[in-house]
Structure formats: C-alpha cells, structure tokens
Chemist: 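Following this message is one structure expressed as structure tokens.
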Amino acid sequence: MRTSPPLLLSWTAALMLLASPAFADGPERVPPLTDPVVRAECGSCHMAFQPGLLPAASWKLVMAQLADHFGEDATLPAEKVAAIEAVLVSQAGRSQKGEPSPRITEQRWWKHEHDARHVKPERWTAPDVLSKVNCVACHPRAERGDYDDD
Amino acid sequence: MKPTSALLAALALLAALPVLAASAPGARAAILDGFAERARAADPGFEGFDGERGRALFEGDWGLGKPDTPSCTTCHGPDPRRAGQTRAGKTIEPLAVSVTPSRFTDPDEVAKWFFRNCRSVLGRECTAQEQGDFMTFATGL
C-alpha cells in the first residue's frame with residue numbers, strides 16, 4: 001500500500017500534537033552534561049545546567065550577554081565563549097514557540113511544573129533554596145539531569 | 001665563576017622553577033610579584049601592599065556596580081574564613097588561604113574572578129594595587 005502525501009502530513013501533525021503537550025509537562029530526565037569546560041565555567045555560581053533544558057536560540061541569548069548575566073558579570077575570553085556555545089547549541093532542547101527567553105525558569109513547561117499547585121510560593125525564598133535557579137535544592141539528582149523525584 | 005658553571009647554575013635554576021611554581025606558596029608568590037610589577041609600572045611611588053586596605057575593599061558597601069551586588073560580602077559573607085553563598089544559592093568556599101589552601105594559586109582563575117567581581121561591585125576593574133592588597137589580606141588571615 002502506498003501512503004498518500006496528505007496522510008503522511010497528517011501523521012506528522014499528529015506526532016507534533018502528541019509531542020508538544022508532553023514537553024509542556026517538562027522532561028523527567030535530560031542527558032547529563034559531560035563537557036569539562038562547560039561544567040567548570042558554567043558551574044561555579046550555580047549548577048551547570050544541562051543543554052537539553054533550553055532551546056538553541058535561548059542558549060545563544062545567554063552566551064551573547066555574559067558581561068551582564070542576570071545581574072552579574074560572567075565575562076569569559078571569546079574563544080571559551082565560542083567553545084561553550086558550540087556544546088550547548090549542539091545538545092540543545094527542542095525549540096519552542098514565541099520569543100526565546102534566556103531563562104529556563106521562563107519556559108512554558110518550567111512554569112507549569114513549578115506553579116503554585118506543585119510548589120508552595122514560600123519555598124522559593126526559604127534559606128535552603130534562595131533562588132529558582134537552585135535546582136539541586138529540590139531535585140537532589142539534578143546534576144545528573146534526573147528531575148524525576150518520585 | 002666560569003661561564004660554563006654560570007650556565008649550569010642558570011639551567012639548574014630554570015629546572016627548579018616549575019617545581020617552585022607547582023607548590024602553592026610558590027604559585028602565590030609569583031602572582032603577588034606580578035601584581036607588584038604592574039603596580040610599580042602604574043605608580044613609580046608604589047610602596048608595597050597593605051592587607052588593611054584589602055580588608056577595606058572587601059568590607060566596603062560600594063554599590064557602584066550592579067544593583068544586586070553592592071559589596072564583596074554580598075557573596076563571600078562578612079568573614080573570609082567562612083564560606084559564602086552565590087545569589088543562586090551555591091556555596092562558595094572561604095577565600096582565606098588558611099582555610100582554602102588552593103586560593104590564589106591559578107593565575108587565570110585569579111585574573112578572571114577579580115575582573116568579574118570588581119566590575120560587579122565597583123563598576124570597574126580593580127587596579128593591581130587593589131588586587132595585591134586584597135590578596136595580602138586574604139593570605140594573612
């Protein structure tokens with residue numbers, strides 16, 4: 001039997017529909033970050049985030065603004081910036097609809113997983129958390145890319 | 001000294017250098033010498049480093065850089081012998097050499113963090129005098 005082009009198209013559409021709500025729930029696991037340079041240079045102020053947590057367009061925004069990195073100076077030599085960006089972009093997560101944000105915590109799936117139904121608002125300012133970016137405070141295996149805490 | 005023995009002595013010194021630099025005190029001395037050289041080049045009246053000026057830099061509430069980081073103590077805490085915490089909640093090992101012996105032993109790391117942190121707190125790079133003063137402070141605690 002030959003698959004007609006319209007059927008093929010609708011198959012793709014169906015797959016996309018299946019895939020996007022799944023991602024709106026957030027990944028349970030992302031591949032761990034193994035590159036030693038990225039681990040060292042992007043892991044001194046917070047956990048070195050796994051590339052799969054942001055789409056490529058978002059990583060490019062992050063790497064273009066290191067002198068004013070979310071309120072801090074995180075400047076690196078140009079050759080290191082290029083090497084790090086190459087790793088992050090090549091292993092980046094799926095691209096998202098709309099304007100790319102440089103924040104993981106502004107991704108639609110992240111906001112959904114961390115809304116008031118899942119996380120009590122006062123948790124964000126507790127002394128052991130301090131920042132939404134402190135993933136390891138709530139996800140003990142976050143360094144390995146494992147966010148499935150059940 | 002005969003020229004050959006002078007050459008041999010020089011070679012022996014050269015061979016010993018990496019060993020010296022590989023030890024933490026040797027590496028620190030080389031970094032501090034570098035600051036002194038640059039401070040002298042900037043100001044012929046340079047009179048050496050002063051740990052008390054380093055303390056003042058560390059404790060000052062400058063607020064001249066980025067709004068969230070008015071002072072070195074914002075992240076390192078008030079006592080360099082104790083651990084600090086980044087704004088993202090990650091622990092920073094103490095800056096005092098007596099507690100964290102690896103401090104001021106990697107010239108690239110030292111340069112990178114002075115560059116960033118001085119810009120975040122003071123809104124400008126630190127001078128060689130300021131970096132040497134601070135290093136003297138953190139080494140003497």
Side-chain angles (χ1 to χ4, degrees), chain A residues 33 36-50 53-54 62-63 65-81 83-84 102-106 110 114 119 122-144, chain B residues 57-58 60-80 82-96 99-100 102-127 130-131 134 138:
Chain A
L33 171 61
V37 176
V38 185
R39 284 184 68 92
E41 295 295 355
C42 303
S44 35
C45 299
H46 45 65
M47 176 191 98
F49 303 120
Q50 292 83 20
L53 292 172
L54 279 180
V62 171
M63 296 310 290
Q65 306 166 0
L66 287 181
D68 192 359
H69 181 74
F70 308 97
E72 272 171 41
D73 194 305
T75 304
L76 281 172
E79 65 277 8
K80 272 206 176 161
V81 173
I84 291 170
R103 281 199 183 266
I104 300 161
T105 55
E106 287 295 324
W110 197 95
H114 299 84
V119 186
E122 60 266 28
R123 282 295 289 142
W124 300 117
T125 46
D128 64 318
V129 178
L130 220 66
S131 162
K132 288 184 178 173
V133 169
N134 195 3
C135 322
V136 282
C138 304
H139 302 286
R141 291 177 305 281
E143 293 266 12
R144 282 180 263 156
Chain B
L57 171 74
F58 183 75
D61 193 7
W62 304 102
L64 298 168
K66 305 205 186 287
D68 293 321
T69 53
S71 169
C72 307
T73 61
T74 307
C75 300
H76 291 290
D79 182 354
R82 313 271 303 262
Q85 200 176 31
T86 68
R87 288 174 47 240
K90 193 173 164 123
T91 300
I92 308 178
E93 296 308 321
L95 284 179
V99 192
T100 313
S102 61
R103 290 299 184 196
F104 306 101
T105 54
D106 179 337
D108 291 344
E109 283 292 300
V110 172
K112 177 177 76 183
W113 287 106
F114 268 130
F115 179 88
R116 290 172 167 176
N117 296 347
C118 289
R119 291 192 352 151
S120 285
V121 173
L122 302 171
R124 60 165 174 85
E125 286 183 55
C126 282
T127 62
E130 287 170 322
Q131 294 177 68
F134 179 77

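Below, all heavy atoms of this structure are taken into account, side chains as well, without hydrogens, waters or symmetry copies. Every chain is numbered from 1, with letters handed out A, B, ... down the list of sequences.
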Chemist: For Asp68(A), is it the side chain, the backbone, both, or neither that has a heavy atom closer than 4.5 Å to a heavy atom of chain B?
Modeler: both

Chemist: What heavy-atom pair brings Thr86(B) and Leu130(A) nearest, and what distance separates the two atoms?
Modeler: O-CD2, 4.0 Å

Chemist: Among Gly65(B), Ala88(B), Cys75(B), which residue has the highest count of heavy-atom pairs closer than 4.5 Å to chain A?
Modeler: Ala88(B)

Chemist: Counting heavy-atom pairs under 4.5 Å with chain A, which one of Gln85(B), Arg116(B), Arg119(B) comes out on top?
Modeler: Arg116(B)

Chemist: Using modelled atom types only, decide if a donor and an acceptor are shared between the side chain of Lys66(B) and the backbone of His69(A) within a distance under 3.5 Å.
Modeler: no

Chemist: Can you tell me which of Lys132(A), Glu41(A), Met47(A) forms the most heavy-atom pairs within a distance under 4.5 Å of chain B?
Modeler: Glu41(A)

Chemist: Could you have a look at Pro77(A), Ala74(A), Ala67(A) and say which one has the most heavy-atom pairs with chain B under 4.5 angstrom?
Modeler: Ala74(A)

Chemist: Can you tell if the side chain of Phe115(B) reaches within under 4.5 Å of the side chain of Asp73(A), non-hydrogen atoms only?
Modeler: yes

Chemist: About how many Å separate NZ of Lys112(B) and NZ of Lys80(A), when rounded to the nearest 0.5 Å?
Modeler: 5.5 Å

Chemist: Output the distance between atom SG (Cys45(A)) and atom CD1 (Ile92(B)), rounded to the nearest 0.5 Å.
Modeler: 7.0 Å

Chemist: With a cut-off of 6.0 Å (strictly less than), are more than 12 heavy atoms of other residues, nucleotides or ligands near CZ of Arg144(A)?
Modeler: no

